[in-house]
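Before any comments, here is the structure.
Letters A, B, ... are given to chains in the order of the sequence lines, protein chains preceding strands, and every chain is numbered from 1.
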Number of protein chains: 2
Amino acid sequence: MAIDETDRKLLAELQLDATQSYAALGQVVGMSAGATHERVRKLKAAGVIRRTAVEVDPAAVGQGVLAFVMLDADAWMGDEPTLRALAEIPAVQEAHIIAGPASVLVKVRTATTEDLQTTLRALHKVDGVTSTQTIVVLESCFERPPAVM
Amino acid sequence: MAIDETDRKLLAELQLDATQSYAALGQVVGMSAGATHERVRKLKAAGVIRRTAVEVDPAAVGQGVLAFVMLDADAWMGDEPTLRALAEIPAVQEAHIIAGPASVLVKVRTATTEDLQTTLRALHKVDGVTSTQTIVVLESCFERPPAVM
DNA sequence: ATTGAAATCCGGCTCTG
DNA sequence: CAGAGCCGGATTTCAAT
C-alpha cells in the first residue's frame, strides 16, 4: 500500500492516542471526519495498522522484571515446533532469529527474579538450545512507538 | 491498585482489541456494560492502562530492519543528558540500562542496513559511549503483549 | 435509563489520469 | 470518461453520567 504524508501523520497521532475522535484527527491533517475515517479504514484493511490495543504498565500486572536472553543452539531454531515451544512460555514476549554468535534472542518479563530463573530453566529445555546468556534490565529508560517515516 | 481476576481478563481482552464495545467486553467477564465501563475507567485512572494506541506494521512504514545494540561506556549513562541524546535518535525505540558487560541496550529500527549504519554512527557520538556491539535481527518470530498474570 | 456525542453510511462534487 | 478522494448531512450506535 502507498503511504503518503497524511497517512504518516495519522499513524503518528494514532500511536500516541487511538481514542480521539475522527473529527479531532481530521483537524490534525486538515480533513473532514468522514475522509479521515476512510483513510484509517484503509490503513487497517491494508494491514498497516495491525490492531488497536491498550498499553499496560508491566509493573502493575506482576511483570516488573525484564530481561533479554540469547539462546545458543546446536540446530536451526527457526522451525515451527521450536518456535511454538518458545511461544508456550508465557514470560516470553518476543522471539527474534538473529545474526551473530547466538541463534535466537528472546525478550522476557516476569514478576520476580525467581520467576526469571524458572523461565530460564524452561528455555534450556527447549529442543536444540545448548546454552543461554541473560541480560537483566535494571531500568527501562524509555519505550516508545516506532517513528513513522 | 489491586487487580483482581476480572481486571486481568479485561486487560487481556483490551490488549488484543481495544475497539470492542463495553457491552461485548462485559460479555467476556459476565458484567453489564456500565459496570465494565467503570472498571476500565479505574484501570486507566490508576495508570495500569497507560494509553490506547494503534500497532503499526514496521515494515509498512519503512522500518524493515531491526537490531539490538549494546553500548559500552566509560561513565554512568543513566543521566538525563545522555538519555536525551539517545531519545533524539529517531531510530532508537527502546533504551534499557542493563547489568552485565555492557551498560545500555537499545532497540533500533531502520528502513535499510545503510540507515542502521548511520544510526550506529550516531550512537558512537553519544557522550560516554566507547564501543557498540550490534545484534541484527534476521526474522522476528513473534511480538506479543505481556501475558497479564 | 437518558442524554449527548461519535462512528458509520450515503449521495454528490471535484480533481486527476 | 472513468476512478478515486473528499465533503456534508442523516442515521444509528455507543459512551458517559
Side-chain angles (χ1 to χ4, degrees), chain A residues 1-61 143-149, chain B residues 1-64 111 143-149:
Chain A
M1 180 182 174
I3 309 286
D4 66 11
E5 196 51 42
T6 301
D7 291 325
R8 286 182 223 284
K9 281 185 194 164
L10 290 175
L11 290 172
E13 276 300 314
L14 289 171
Q15 281 183 325
L16 295 176
D17 179 13
T19 66
Q20 56 193 313
S21 70
Y22 286 118
L25 264 182
Q27 294 276 344
V28 176
V29 296
M31 289 197 325
S32 74
T36 306
H37 180 262
E38 179 64 9
R39 286 268 188 167
V40 175
R41 191 194 62 75
K42 280 183 184 168
L43 287 169
K44 285 180 180 171
V48 176
I49 294 176
R50 285 182 176 155
R51 61 176 168 179
T52 117
V54 298
E55 186 184 306
V56 172
D57 177 10
V61 293
E143 300 179 68
R144 65 183 175 191
V148 179
M149 304 195 192
Chain B
M1 178 185 175
I3 308 285
D4 66 10
E5 195 51 40
T6 301
D7 291 326
R8 287 182 219 285
K9 281 184 194 166
L10 289 175
L11 290 172
E13 275 300 312
L14 289 171
Q15 280 184 325
L16 295 175
D17 178 13
T19 65
Q20 56 192 313
S21 70
Y22 287 119
L25 264 182
Q27 294 276 344
V28 176
V29 295
M31 289 196 327
S32 73
T36 306
H37 179 263
E38 181 63 10
R39 286 267 188 167
V40 175
R41 190 193 62 76
K42 281 183 184 165
L43 288 168
K44 285 181 179 171
V48 177
I49 294 177
R50 285 181 176 158
R51 63 175 168 178
T52 118
V54 298
E55 185 185 308
V56 172
D57 176 10
V61 293
Q63 308 250 70
E143 299 178 69
R144 64 183 177 192
V148 179
M149 304 196 195

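Annotation for R50(A) and D57(B): closest pair NH2-OD1, 3.1 Å, computed over non-hydrogen atoms. Between Q15(A) and P146(A), the shortest heavy-atom contact is OE1-O, 3.1 Å.
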Evaluation steps, salt bridge (Lys or Arg N to Asp or Glu O under 4.0 Å), between R39(A) and D4(A):
CA-CA 11 Å; R39(A) 286 268 188 167; D4(A) 66 11; 2.9 Å; yes
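Checking each of T19(B), L16(B), V54(B), V56(B) against R51(A) for a side-chain contact (heavy atoms from CB on, under 4.5 Å) leaves exactly one that passes, namely L16(B).
How far CE of M31(B) is from NE2 of H37(B): 11.5 Å, rounded to the nearest 0.5 Å. Here K44(A) contributes atom NZ and I49(A) contributes atom CD1; the two are 6.0 Å apart, rounded to the nearest 0.5 Å. Distance CD/E13(B) to CG/D17(B): 8.0 Å, rounded to 0.5 Å.
Interface residues of residues 38-50 of chain A facing DNA chain D, ordered by number: R39(A), K42(A); criterion, heavy-atom separation under 4.0 Å.
Annotation: side chain of L14(A) is in contact with side chain of L25(A) (closest heavy-atom distance under 4.5 Å). Between K42(A) and D7(A), the closest side-chain pair of non-hydrogen atoms is not below 4.5 Å. Looking only at side-chain heavy atoms (C-beta outward), V61(A) and M149(B) stay at 4.5 Å or farther from each other.
Between the CD atom of Q27(A) and the C1' atom of dA6(C) there is a distance of 15 Å, given to the nearest Å.
In the helix from dA1(C)-dT17(D) to dG17(C)-dC1(D), the end axes, each obtained as the rotation axis mapping the C1' atoms of four pairs onto the next four within a five-pair block, lie 30° apart to the nearest 10 degrees.
Checking the phosphate oxygens (OP1, OP2) of dA7(C), no side-chain nitrogen or oxygen of H37(A) falls inside 4.0 Å.
First and last contacting nucleotides of DNA chain D toward chain A (any atom under 4.0 angstrom from a heavy atom, 5' to 3' order): dG5(D) to dC7(D).
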